[in-house]
Q: 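Pasting a structure below so you can have a look.
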Number of protein chains: 2
Amino acid sequence: MRRGRSDRTTLFDVAKKAGVSPITVSRVLREPGKVSPELRGRILELIEVMGYVPDQAARALASKHNSTFGVLISAMTNPAFISFMRGIEERVRDTDFRVQYANTHYCVEEEKRQVRLLLSQNTAGIILAGMEGLEQVAELLKQATCPVVQVVDVNLESVGASVSIDHTEAAATATEYLLKCGYRRIAFFGGTSDERGRRRSLGYSRVMKKAGLFQESLIYSENNISAPAGVHLLHAALQEHPDLDAVLCQIDELALGVLFEAQRIGKRVPEDFGICGYNDLQFAAITQPPLTTIRVPLFEMGYRAADLVIRDACGQTKTRSVVNMGFELIARGTTRPPRAVE
Amino acid sequence: MRRGRSDRTTLFDVAKKAGVSPITVSRVLREPGKVSPELRGRILELIEVMGYVPDQAARALASKHNSTFGVLISAMTNPAFISFMRGIEERVRDTDFRVQYANTHYCVEEEKRQVRLLLSQNTAGIILAGMEGLEQVAELLKQATCPVVQVVDVNLESVGASVSIDHTEAAATATEYLLKCGYRRIAFFGGTSDERGRRRSLGYSRVMKKAGLFQESLIYSENNISAPAGVHLLHAALQEHPDLDAVLCQIDELALGVLFEAQRIGKRVPEDFGICGYNDLQFAAITQPPLTTIRVPLFEMGYRAADLVIRDACGQTKTRSVVNMGFELIARGTTRPPRAVE
DNA sequence: CTGTTAGCGCGTTCAC
DNA sequence: GTGAACGCGCTAACAG
């Protein structure tokens, strides 16, 4: 390990030079109003000149609070999280708070480890956007005295506050829509490692069962959710179900792969084959034909989650708010127009 | 601000309960070999039972070093950075180091602010993957005593070590390839805010000039690099240059938009129209036709950058290594086969 | 508005 | 192999 500069300027150095006590310098930085303007001006100048930077560790230790909060994400590689992150950043901007992201790689152990680390840093708050080991992590989280916000399915219990989507309902809506468009042999393409995905698959199954069209073998999943996975899954699905006429994808990227593969093998979309995605990622609007999908307010969710943490950290609000963000079906060109009456 | 639990278990509490001195407990955690096995076992158990978690702030303050390093990224929304991040994570995994990401939003001020914050936290190291305000930030970075690794174009000077790609050369290679394929009116689509993009545009211009085909108006750029931007840029470009027969895109997502738009307006790819991307993102292999692109070892770059930071932080290597990672042209279906001889 | 006293929780140094 | 004393740099609580 490398040492920091041992000659780094400290609060004490500045105070000595200014001929005041350290606490005055400290106050100039934290409660400027409590220091007389002249003194403040002089000290501020000295701080600048001497290149003083407060030591966060010392600050955190002395004051027992920390201005950075952690965001645990199960996969940063998921483009859906990117909008979410941007929402967080937007809320944090112009705030003294800082965000620390950590990737849990869909791994419960890693999730627990990260939570412990955050706790050990006396973190200002935690946003949990992965929910793999919810039960196990919940145990840890209960001990936390800092605000905890989970981003989950609306039906799952959460330890603290939550900002969520009813994924089950969203997938149900999409499935119903596909049925209304007249598709019958509808597959579900998802991932194995994501709880949200399992929720969505639930909504799909419910509607398909109600329509008497459910078949276990219509549910496909792959570990690595990506456009290439969409290609493979469609290929596999068509082998088993040559009469497949639509796919509901757990995420737009899968749908992108499905769309290209359908094109390659000469399926006409949407006439012979319907595709519905999830998330309404940027590219969804410009595929050919444009992708029908479920829009989820990812940016806003990030913003709200950060908002809850920040406001709670400042003691302005309760910790247990539950926010349901809603969703929207965006009907575009990869599905036929719905039929007037069933 | 909210207070941490004042009743949090400390090293001292554990020591008291174990009937030993605090330092022994501390050693169990950091230098287990120096404590007798029985004592160690007993203490480890107590730590578990009492739920003791070390306070990082106290640790950092006392030891003067910090096990988390910062990664400054100009835009986490750029999918190219995601592989880069994964590379970093991979190197860090099973290490005591932690990573803290910060988004600089292509903003010099923000970049400076973040660097200052990292410095004030006595960070273990800094990876700078945005390079907007290089000159201004360099000033700050020179004062750093921690390892600094920049991820930049190979021709740019860096303050510390660097892991880089010769973006100019890469774009030149791609442009030459398009020429070899017989395309003549080749546009360049890029972004305005990214230095890497400017580098690539340089390589494009150089080759086009040499071929006597350069025209300023063939260079297009948009702030927000995305698939929709690709659609708009192609639309705009074809208005001004109806005879356009190829596009070199600064990033695959633009190319995706271009591909779909070309499809929509009935251009035959690659016969009448060539497209080349950059980065070889996951979907590049499965578009229809598959995307010709420049592959850049993003994952490896992240891995190497983290490796440099970690090894330097551990005092094992020099700070000024310059690593050139190379690139590779992946010829796929969005370009015609190259002609034997010009 | 300014200063004094005390101590945050841990690691370093040097003893035993 | 184990411990005592001290201090990291800063802020809380109380004086004045």
Side-chain angles (χ1 to χ4, degrees), chain A residues 1-44 47 50-67 96 117 119-123 145, chain B residues 1-44 47 50-67 96 119-123:
Chain A
M1 299 288 176
R2 140 188 297 266
R3 301 189 57 99
R5 306 170 64 174
S6 50
D7 57 343
R8 190 169 137 176
T9 312
T10 73
L11 197 63
F12 190 80
D13 298 334
V14 179
K16 205 163 59 180
K17 197 117 183 175
V20 298
S21 90
I23 190 66
T24 305
V25 179
S26 174
R27 277 202 266 258
V28 166
L29 259 20
R30 295 175 303 114
E31 309 161 295
K34 294 193 174 175
V35 178
S36 71
E38 315 95 271
L39 227 190
R40 184 175 42 195
R42 208 153 54 81
I43 293 178
L44 242 21
I47 286 177
M50 301 175 67
Y52 166 70
V53 230
D55 181 314
Q56 298 293 334
R59 208 171 239 197
L61 181 57
S63 71
K64 315 289 282 161
H65 56 86
N66 190 165
S67 60
D96 281 332
L117 272 163
L119 259 26
S120 84
Q121 286 174 190
N122 230 304
T123 184
T145 51
Chain B
M1 297 288 176
R2 140 188 297 266
R3 299 192 55 101
R5 306 173 63 174
S6 49
D7 58 343
R8 187 168 138 176
T9 311
T10 71
L11 198 63
F12 190 79
D13 298 335
V14 179
K16 206 163 57 179
K17 197 117 183 175
V20 299
S21 90
I23 188 62
T24 305
V25 180
S26 174
R27 280 202 265 258
V28 167
L29 260 20
R30 296 174 303 114
E31 307 159 296
K34 293 194 174 175
V35 178
S36 70
E38 316 95 271
L39 227 189
R40 184 173 43 193
R42 208 154 53 80
I43 292 178
L44 242 21
I47 286 177
M50 301 176 68
Y52 165 70
V53 232
D55 182 314
Q56 298 294 333
R59 206 170 242 198
L61 182 56
S63 72
K64 313 291 281 164
H65 58 80
N66 190 166
S67 59
D96 281 331
L119 259 26
S120 86
Q121 285 174 191
N122 230 304
T123 183

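Within every chain, numbering begins at 1; the chains are lettered A, B, ... in the order of the sequence lines, protein sequences first and strands thereafter.
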Q: Arg30(B) has an atom CZ; how far is it from atom P of dC10(C), in whole Å?
A: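 Distance check: Arg30(B) CZ to dC10(C) P gives 11 Å.
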Q: With nearest nucleotide decided by heavy atoms, which residue, Ala58(A) or Ser36(B), maps closer to the 5′ end of DNA chain D?
A: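 Upstream on the strand: Ser36(B).
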Q: If I compare all heavy atoms of Tyr52(B) with all of Val14(B), which pair ends up nearest, and what's the gap?
A: CB-CG2, 3.8 Å
Q: Taking the side chain of Lys64(B) as its heavy atoms from C-beta onward, which of dC8(C), dT12(C), dC8(D) lies nearest to it?
A: dC8(D)
Q: In whole Å, I'd like the distance from the NZ atom of Lys34(A) to the P atom of dG16(D).
A: 18 Å
Q: Can you tell me the distance, in whole Å, between the CG atom of Leu11(B) and the P atom of dA4(D)?
A: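 Distance, rounded to whole Å: 14 Å.
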Q: Whole angstroms only, please: what is the CG-P distance between Asp55(A) and dC8(D)?
A: 12 Å
Q: Nearest to the side chain of Pro54(B) - dC10(C), dC8(D), dA12(D)?
A: dC10(C)
Q: Check the distance between dG9(C)'s P and Lys16(B)'s NZ and give it to me in whole angstrom.
A: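 Roughly 12 Å, once rounded to whole Å.
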Q: Looking only at heavy atoms, what is the nearest atom pair of Ala15(B) and Ser21(B), with distance?
A: CB-C, 3.7 Å
Q: Ignoring hydrogens, what is the shortest heavy-atom contact between Pro32(A) and Arg40(A)? Give both atom names and the distance.
A: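 For Pro32(A) and Arg40(A), the tightest heavy-atom pair comes out as O-NH1, 2.9 Å.
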Q: Check every strand shown and say whether Ile23(A) touches a base, only sugar-phosphate, or nothing at a heavy-atom separation below 4.0 Å.
A: base
Q: Going by side-chain contact (heavy atoms from CB on, under 4.5 Å), Leu39(B) matches just one of Val25(B), Thr24(B), Val28(B). Which one?
A: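 Option passing the side-chain contact (heavy atoms from CB on, under 4.5 Å) with Leu39(B): Thr24(B).
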Q: Remember a base hit wins even if backbone is also touched, and classify Ser21(A) as base, sugar-phosphate or nothing at under 4.0 Å, heavy atoms.
A: base
Q: Tell me the interatomic distance from Phe12(A), atom CZ, to dA6(C), atom P, rounded to whole angstroms.
A: 16 Å
Q: Check the distance between dC8(D)'s C1' and Leu61(B)'s CG and give it to me in whole angstrom.
A: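 My rounded result for the distance is 4 Å.
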Q: Mind checking Pro22(B) for me? I need base, sugar-phosphate or nothing, with any heavy atom below 4.0 Å counting as a touch.
A: nothing
Q: Side chain of Thr24(B) only, please: which of dC10(C), dC8(C), dT2(D) is the nearest?
A: dT2(D)
Q: Do any side-chain nitrogens or oxygens of Ser26(A) fall under 4.0 Å of OP1 or OP2 in dT11(D)?
A: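 Yes, such a contact exists.
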Q: Does any donor-acceptor pair link the side chain of Arg40(B) with the base of dG1(D) at a separation under 3.5 Å?
A: no
Q: Looking at Arg27(A) and Val35(A), would you say the former's side chain and the latter's main chain have a donor-acceptor pair under 3.5 Å?
A: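 Answer holds: no.
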Q: Tell me which of Val20(A) and Val53(B) sits closer to the 5' end of DNA chain C, going by the nucleotide each one is nearest to.
A: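 Checking each residue's closest nucleotide, the 5'-ward one belongs to Val20(A).
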Q: So does Arg59(B) get a side-chain nitrogen or oxygen closer than 4.0 Å to the phosphate oxygens (OP1/OP2) of dG11(C)?
A: yes
Q: With hydrogens left out and only the distance checked, is there a donor-acceptor pair under 3.5 Å joining Arg27(B)'s side chain and the base of dG3(D)?
A: yes
Q: Once you round to the nearest 0.5 Å, how far does CE of Met50(A) lie from CD1 of Ile43(A)?
A: 11.5 Å
Q: Between Arg42(A) (CZ) and dT2(C) (P), how many Å, whole number?
A: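 In whole Å, dT2(C) P and Arg42(A) CZ are 10 Å from each other.
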Q: Which nucleotide in the list dC10(C), dA12(D), dC8(C) gets nearest to the side chain of Ala62(A)?
A: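 My answer, after comparing the listed nucleotides, is dC8(C).
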Q: From the list dT2(C), dT2(D), dC10(C), which nucleotide is the closest neighbour of the side chain of Thr10(B)?
A: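 In terms of side-chain proximity for Thr10(B), the closest of dT2(C), dT2(D), dC10(C) is dC10(C).
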Q: Would you indicate which nucleotide in dT2(D), dC10(C), dT12(C) comes nearest to any side-chain atom of Val35(B)?
A: dT2(D)
